[in-house]
Peer 1: 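Pasting a structure below so you can have a look.
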Amino acid sequence: MSYITLHSTKLRHNFKVLDQIFTQNNIEWAIVAKLLCGNVKFLEVLLNITDKEICDSRLSNLKTIKKLSPKTQTIYIKPPAKRLAKSIVKFADVSFNTELATLEVLSAEAVKQNKIHRVVLMVEMGELREGIMARNLMVFFDEVIALPNIEVVGLGTNLNCLNGILPDEKKLIKLNRFKEIIEENSGKKIPYISGGSSVTIPLIFTNEIPLGINHFRVGETLFFGTNVYKDSLLAGMYHDVFTLTAEIIERQHKPNIPSGLAGTNLTGETPTYSEDDKGKSSMRAIVDVGLLDIDLRDIAPLVPGVEIIGASSDMLILDLGENAENLEVGDTIDFSMNYMAVLRAMNSDYVDKKVETEVLPPSISADEFICLN
């Protein structure tokens, strides 16, 4: 038995803290829910907390959200595949775009469905993931606004996800200037600049967000309470909204070093061992979760003294350390999880999903939160 738990009250706390911050700074924000992999149980928790826009990069997940809450505005946050145009228009109220050929197909489909499909044009700002090159932006915009049933509602940019390029005030001012130039030349108003994500939040605390940046897309900081800019944790938020639990299926005293001729293991590696471990042994446990469900580098035991030794496709090997007498076969061990651990476990059909509600202290105020950080 292994399962991932969503602690709903902790998630609600993190949401309230962030919502206060954004409200005080006149910024609208949408929740990036792709981490939940379309899980109905977890999406219901999220939709019970907020009525804000929900972003995802998987169309099937947006379809699930619309089924659960037809009034929730959905945003498809990667350039759509042309072949998905029909479903994009049907299930995504807004999509992020960079290709005219795709927008032409979306336009034709929007006409068929008698809908206005709203789009955000993504601009390349140095990260070299998706984005229209700045020198082409004005011509691109003119071509897009000529398309029937397509409405440009924003400019956006993506930073940090591929090459780790960080946002800064200079880049955000530049993005805002692009909007101003387009509006001056076209006579069209662009309501939003979606220039922020989790990595941009710390710039709010240092007053480095230009006034024109009025929309954020937030996932990691909401779910993990992280300062993505500094790769650290934010005080006053919960960092354990998710935990992984796995059952001990074997507990035995074994040597620290294997015996026999060593080849490569499942992942193509030949493990090495310290000379200091020769002749030594320890109490080891096997728990029923493995590389198919998680990457052992992305989790950590929450029991002090327990260490991860290694993993195979469906088993994780632990050194119980000083906990040897306290843990038996059938007991469970909890693990902390980072973003990639949750994403992988959520995508696994072999890890059960549970929701837990705890009684917690009241949320701190936005001012208290900023003072702490």
Side-chain angles (χ1 to χ4, degrees), residues 1-12 14 34-46 223-225 238-259 265-269 271 273 277 280-360:
M1 175 188 68
S2 60
Y3 56 90
I4 181 172
T5 301
L6 168 62
H7 300 272
S8 62
T9 313
K10 293 178 179 180
L11 179 61
R12 185 182 292 275
N14 285 0
K34 60 184 179 181
L35 181 76
L36 304 182
C37 294
N39 181 271
V40 171
K41 188 182 298 184
F42 285 9
L43 282 173
E44 286 176 337
V45 170
L46 185 62
F223 291 114
F224 296 92
Y238 286 102
H239 316 117
D240 56 349
V241 170
F242 297 96
T243 53
L244 176 69
T245 302
E247 183 178 334
I248 297 175
I249 56 176
E250 178 184 297
R251 173 188 171 277
Q252 296 192 26
H253 208 267
K254 294 187 178 183
N256 287 359
I257 297 179
S259 58
N265 63 15
L266 177 70
T267 59
E269 302 168 322
Y273 303 93
D277 280 333
K280 295 181 180 179
S281 60
S282 60
M283 184 63 76
R284 295 189 171 204
I286 298 177
V287 294
D288 66 338
V289 67
L291 296 176
L292 184 62
D293 316 300
I294 50 93
D295 187 322
L296 56 86
R297 297 169 296 184
D298 296 326
I299 63 172
L302 290 173
V303 180
V306 173
E307 295 183 6
I308 297 174
I309 295 174
S312 61
S313 59
D314 51 11
M315 289 184 282
L316 186 66
I317 317 303
L318 307 173
D319 183 336
L320 295 181
E322 297 180 357
N323 300 281
E325 301 304 319
N326 302 323
L327 293 168
E328 303 288 345
V329 171
D331 290 341
T332 59
I333 294 179
D334 292 337
F335 299 82
S336 64
M337 312 177 76
N338 67 12
Y339 188 97
M340 289 307 299
V342 174
L343 189 63
R344 197 159 170 177
M346 288 302 302
N347 200 42
S348 174
D349 290 335
Y350 305 110
V351 178
D352 290 338
K353 283 74 180 176
K354 296 188 176 183
V355 174
E356 184 173 303
T357 302
E358 304 99 323
V359 177
L360 300 171

Peer 1: Is a donor from one side chain sitting under 3.5 angstrom from an acceptor on the other, for S282 and H253?
Peer 2: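 Checked: S282/H253 side chains show no N/O donor-acceptor pair below 3.5 Å.
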Peer 1: Which atoms form the tightest heavy-atom contact between V45 and L11, and what is the distance?
Peer 2: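 So the two residues come closest at CG1-CD2, 4.4 Å.
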Peer 1: Quick check for you: to the nearest 0.5 Å, what is the distance between F42 atom CZ and L35 atom CG?
Peer 2: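 Reported to 0.5 Å precision, the distance equals 9.5 Å.
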Peer 1: Calculate, to the nearest 0.5 Å, the distance between atoms CD1 and OG1 belonging to I333 and T243 respectively.
Peer 2: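 Taking CD1 in I333 and OG1 in T243, the distance rounds to 13.5 Å.
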Peer 1: Got a donor-acceptor contact below 3.5 angstrom from the D331 side chain to the E328 backbone?
Peer 2: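 Yes; judged by distance alone, with no hydrogens or angles, the pair exists.
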Peer 1: Measure the shortest side-chain to side-chain distance between V287 and L318 over non-hydrogen atoms and say whether it is less than 4.5 angstrom.
Peer 2: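 Yes, side chains in contact.
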Peer 1: Assess the side chains of T357 and T9: does a donor N or O sit below 3.5 Å from an acceptor N or O?
Peer 2: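 T357 vs T9: no donor-acceptor pair found between side chains.
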Peer 1: So, do L6 and K354 sit near enough that their side-chain heavy atoms are less than 4.5 Å apart?
Peer 2: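 Not touching, per the 4.5 Å side-chain cut-off.
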Peer 1: Hey, could you give me the CG/CG distance between L292 and D349, rounded to the nearest 0.5 Å?
Peer 2: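 L292 atom CG to D349 atom CG measures 9.5 Å (nearest 0.5 Å).
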Peer 1: Donor-acceptor pair, K353 side chain versus Y3 backbone, under 3.5 Å?
Peer 2: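 Between the backbone of Y3 and the side chain of K353 there is no qualifying donor-acceptor contact (under 3.5 Å).
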Peer 1: Starting from the C-alpha separation in whole Å, work towards a yes-or-no answer on side chain to side chain donor-acceptor pair (under 3.5 Å) for D334 and T245.
Peer 2: CA-CA 4 Å; D334 292 337; T245 302; 2.7 Å; yes
Peer 1: Would you compute the distance between atom CD1 of I286 and atom OG of S312 and round it to the nearest 0.5 angstrom?
Peer 2: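 Spacing of CD1 (I286) from OG (S312) equals 7.5 Å.
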Peer 1: Flag yes if more than 12 heavy atoms outside E322 fall under 6.0 Å of its CD atom; otherwise flag no.
Peer 2: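 Not more than 12 within 6.0 Å, no.
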Peer 1: Under the 3.5 angstrom rule, does the side chain of N338 hit a backbone N or O of A341 as a donor-acceptor pair?
Peer 2: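 Such a contact is found between N338 side chain and A341 backbone.
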Peer 1: Which heavy-atom pair separates A345 from M337 by the least distance, and what is that distance?
Peer 2: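 For A345 and M337, the tightest heavy-atom pair comes out as CB-CE, 3.9 Å.
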Peer 1: Can a donor-acceptor pair be found, under 3.5 Å and without considering hydrogens, that links the side chain of S8 to the backbone of E356?
Peer 2: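 The answer is yes, because a donor-acceptor pair under 3.5 Å joins these two groups.
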Peer 1: Run through K41, H7, E44 and flag the one making a side-chain contact (heavy atoms from CB on, under 4.5 Å) with V355.
Peer 2: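 Considering K41, H7, E44, a side-chain contact (heavy atoms from CB on, under 4.5 Å) with V355 is found only for K41.
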Peer 1: Look up atom CG in L244 and atom CG in L316, then write down how far apart they are to the nearest 0.5 Å.
Peer 2: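 Between atom CG of L244 and atom CG of L316 there are 8.5 Å.
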Peer 1: Do any N or O atoms from the side chain of N14 and from the backbone of Y238 form a donor-acceptor pair under 3.5 angstrom?
Peer 2: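 Checked: pair present.
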Peer 1: Mind checking the CG-CG spacing from L343 to D298? Nearest 0.5 Å is all I need.
Peer 2: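 L343 atom CG to D298 atom CG measures 10.0 Å (nearest 0.5 Å).
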Peer 1: In terms of heavy-atom contacts, does CG of N326 have more than 12 from other residues, nucleotides or ligands at under 6.0 Å?
Peer 2: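 Yes - once you tally the heavy atoms of other residues, nucleotides and ligands closer than 6.0 Å, there are more than 12.
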Peer 1: Would you say F242 and F223 make side-chain contact, with heavy atoms under 4.5 Å?
Peer 2: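 Side-chain contact under 4.5 Å: yes.
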Peer 1: Under a 3.5 Å distance rule, please check whether N323 uses its side chain to pair with a backbone N or O of L320 as donor and acceptor.
Peer 2: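 Answer holds: yes.
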Peer 1: With the side chain counted from C-beta on, respond yes when V289 and Y350 share a heavy-atom pair under 4.5 Å apart, and no when they do not.
Peer 2: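 Not touching, per the 4.5 Å side-chain cut-off.
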Peer 1: Please lay out, stage by stage, how D293 and R344 fare under the test salt bridge (charged side-chain N to carboxylate O under 4.0 Å, His left out).
Peer 2: CA-CA 6 Å; D293 316 300; R344 197 159 170 177; over 6 Å; no
Peer 1: Is the shortest heavy-atom distance from the side chain of V329 to the side chain of E247 under 4.5 Å?
Peer 2: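 They are not in side-chain contact.
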Peer 1: Okay, side chain of D295, backbone of R297: is any donor-acceptor separation there less than 3.5 Å?
Peer 2: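 Yes, because the side chain of D295 sits within donor-acceptor range (under 3.5 Å) of the backbone of R297.
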Peer 1: Just by modelled atom types, is the N256 backbone N or O under 3.5 Å from a matching donor or acceptor in the R284 side chain?
Peer 2: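 It does hold such a pair.
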Peer 1: Spell out, as yes or no, whether a donor-acceptor pair under 3.5 Å connects the side chain of R12 to the backbone of L46.
Peer 2: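 No; zero donor-acceptor contacts below 3.5 Å.
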Peer 1: Is I308 close to I299 at the side-chain level, that is, under 4.5 Å between some pair of heavy atoms?
Peer 2: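 I299 reaches I308 side chain to side chain.
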Peer 1: Ignoring hydrogens and angles, tell me if any N or O in the side chain of R251 forms a donor-acceptor pair with the backbone of L327 under 3.5 Å.
Peer 2: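 Yes, because the side chain of R251 sits within donor-acceptor range (under 3.5 Å) of the backbone of L327.
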